[in-house]
Amino acid sequence: MAVVAKKMTYQEFRQLEFDENDPFLYELINGELVKKSAPNPEHQEISGLLYNKIFTHIVEKKLGKILYAPIDVFLDEHNVPQPDLVFVRQERLDIIDKKEGILGRPDMVIEIMSPNSVKRDRFDKKDLYERFAVPEYWIVDPQNMTIEIYKLQNNRYELIAFAAQSGIVRSEALGGWELEINQLFS
């Protein structure tokens, strides 16, 4: 008889008490508590640049809201990731709860990889976002200076844009917005 580990729920996760000096961030993925280190300065700089560029575009075009980590994205009771950047279209802003986080599937998620998050971002989270039908998923890799954009098509992610070191990527979730990636990697 196989032993099945009990999946943690978000309610159980919220009841956990962490030491105030704990330098880690936590998210709930497939019912498991995932510990991650605080982002390094390069990660934060890229996140800030991306946020500012996307924010400017979506405000100008009145497309919706972009939010940055840490913010809980409630996909179900066992999955509450904290993506680096999250976009919600204007007509779906009601899924943003000002006290709790994002209650449901966002329209776009961006994960910025760090050396210790490659498997989690490239496989675990990609599978998670695909399963919950997030329409667009970006993987930003500062180490290799690449951006990959996946679009949900027939319930599966397909790579629709890729650039390394230079080149332009285009986001359909952001109304065709384009980014010259060497603006991020300097």
Side-chain angles (χ1 to χ4, degrees), residues 10-11 13-14 18 23-30 33-114 117 120-122 124-142 147-152 157 161 169-179 181 183-184:
Y10 182 71
Q11 298 303 346
F13 172 58
R14 288 290 286 234
F18 298 99
F24 297 101
L25 302 171
Y26 297 89
E27 57 190 344
L28 190 62
I29 306 292
N30 295 319
L33 189 62
V34 177
K35 178 171 76 171
K36 53 188 198 171
S37 299
N40 64 32
E42 179 183 43
H43 180 286
Q44 290 299 81
E45 186 175 322
I46 289 169
S47 178
L49 285 168
L50 257 177
Y51 174 84
N52 286 332
K53 289 179 180 306
I54 293 170
F55 178 83
T56 300
H57 172 73
I58 66 173
V59 167
E60 179 183 297
K61 302 289 185 188
K62 297 180 171 106
L63 296 177
K65 287 193 186 255
I66 183 97
L67 301 167
Y68 53 87
I71 186 163
D72 289 331
V73 175
F74 298 88
L75 298 173
D76 71 8
E77 70 175 311
H78 299 293
N79 291 286
V80 187
Q82 292 186 351
D84 291 305
L85 295 166
V86 182
F87 170 70
V88 177
R89 289 189 343 251
Q90 187 72 33
E91 58 271 18
R92 299 184 65 246
L93 291 179
D94 61 330
I95 70 168
I96 299 174
D97 181 292
K98 298 215 182 269
K99 290 186 173 46
E100 295 295 322
I102 299 172
L103 308 178
R105 169 194 61 80
D107 295 291
M108 181 182 76
V109 169
I110 299 175
E111 293 288 0
I112 301 167
M113 289 196 311
S114 58
S117 75
R120 183 173 57 245
D121 293 337
R122 189 166 292 291
D124 300 341
K125 284 189 169 181
K126 184 178 171 215
D127 291 345
L128 179 70
Y129 298 139
E130 182 180 74
R131 185 167 33 125
F132 283 93
V134 174
E136 192 169 284
Y137 177 50
W138 290 36
I139 298 176
V140 178
D141 182 350
I147 294 179
E148 302 164 39
I149 299 179
Y150 294 89
K151 180 182 176 187
L152 196 65
Y157 276 140
V169 292
R170 183 176 187 275
S171 169
E172 291 184 21
L174 298 174
W177 178 73
E178 295 181 341
L179 172 69
I181 74 162
Q183 295 174 351
L184 294 183

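Since the model is a prediction, treat every value here as computed from it, not as a measurement.
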Requested in this report: Output all residues satisfying side chain to side chain donor-acceptor pair (under 3.5 Å) with E172, sequence neighbours left out; order by chain, then residue number.
Outcome: K151
Report summary line: I71 meets the side-chain contact (heavy atoms from CB on, under 4.5 Å) criterion, sequence neighbours left out, with L67, V86, I102
Report summary line: Contacts satisfying side chain to side chain donor-acceptor pair (under 3.5 Å) that involve residues 43-65 (not counting sequence neighbours) are H43-D84, K53-Q183
**Report entry** Those residues that, when tested against L33, pass side-chain contact (heavy atoms from CB on, under 4.5 Å) (two or more places apart)
**Finding:** F13, L16, F18, Y26
Query raised in the report: Of the non-hydrogen atoms in I46 and L184, which two are nearest, and what is the gap between them?
Result: CG1-O, 3.8 Å
Report summary line: side chain to side chain donor-acceptor pair (under 3.5 Å) filter on E136, not counting sequence neighbours, yields W138, S171
Query - Close side-chain approach of V73 and V109, heavy atoms under 4.5 Å - result: no
Requested in this report: Could you tell me whether the side chain of D107 and the main chain of V88 form a donor-acceptor pair under 3.5 Å?
Outcome: no
**Report entry** Residue pair I66, L174: steps toward the side-chain contact (heavy atoms from CB on, under 4.5 Å) verdict
**Finding:** CA-CA 10 Å; I66 183 97; L174 298 174; 6.0 Å; no
Report summary line: Sorted by chain and residue number, the salt bridge (Lys or Arg N to Asp or Glu O under 4.0 Å) partners of D141 (sequence neighbours excluded) come out as none
Requested in this report: For residues P135 and R105, determine if any side-chain heavy atom of one lies less than 4.5 Å from a side-chain heavy atom of the other.
Outcome: yes
Query raised in the report: For E77, what residues pass the salt bridge (Lys or Arg N to Asp or Glu O under 4.0 Å) criterion, not counting sequence neighbours?
Result: none
Query raised in the report: How long is the span from the CD1 atom in I112 to the CD1 atom in I139, to the nearest 0.5 Å?
Result: 12.0 Å
Query raised in the report: Less than 4.5 Å apart, any side-chain heavy atom of R120 and any of E111?
Result: no
**Report entry** Q82 side chain vs E27 backbone, donor-acceptor pair below 3.5 Å
**Finding:** no
Report task. State, with a plain yes or no, whether a side-chain heavy atom of Y68 is found less than 4.5 Å away from one of L50. Result -> no
**Report entry** Nearest heavy atoms of K125 and D121, plus distance in Å
**Finding:** CD-OD1, 3.7 Å
Query - Any residue meeting ring pair (Phe, Tyr, Trp, His ring centres under 6.0 Å) with Y129, in chain and number order, not counting sequence neighbours - result: Y137
Query raised in the report: Heavy atoms, side chains only, cut-off 4.5 Å: are I54 and M108 in contact?
Result: yes
Query raised in the report: So, do P81 and L128 sit near enough that their side-chain heavy atoms are less than 4.5 Å apart?
Result: yes
Query raised in the report: What's the shortest heavy-atom distance between L25 and P39, and which atoms?
Result: CD1-CD, 4.4 Å
Report summary line: Hits for side chain to side chain donor-acceptor pair (under 3.5 Å) against D127, two or more places apart or cross-chain, chain-then-number order -> none
Report summary line: Applying side-chain contact (heavy atoms from CB on, under 4.5 Å) to S114 and not counting sequence neighbours gives N116, S117
Requested in this report: Quick one: list whatever passes side-chain contact (heavy atoms from CB on, under 4.5 Å) with V80, sequence neighbours left out.
Outcome: Y10, L28, D72, F74
Query raised in the report: Is R131 close to L75 at the side-chain level, that is, under 4.5 Å between some pair of heavy atoms?
Result: no
Query raised in the report: Sequence neighbours excluded, which residues qualify as side chain to side chain donor-acceptor pair (under 3.5 Å) partners of D124?
Result: K119
Query raised in the report: Should the pair K126 and Y150 be classed as cation-pi, given the thresholds of under 6.0 Å to the six-membered ring centre and 45° from the axis?
Result: yes
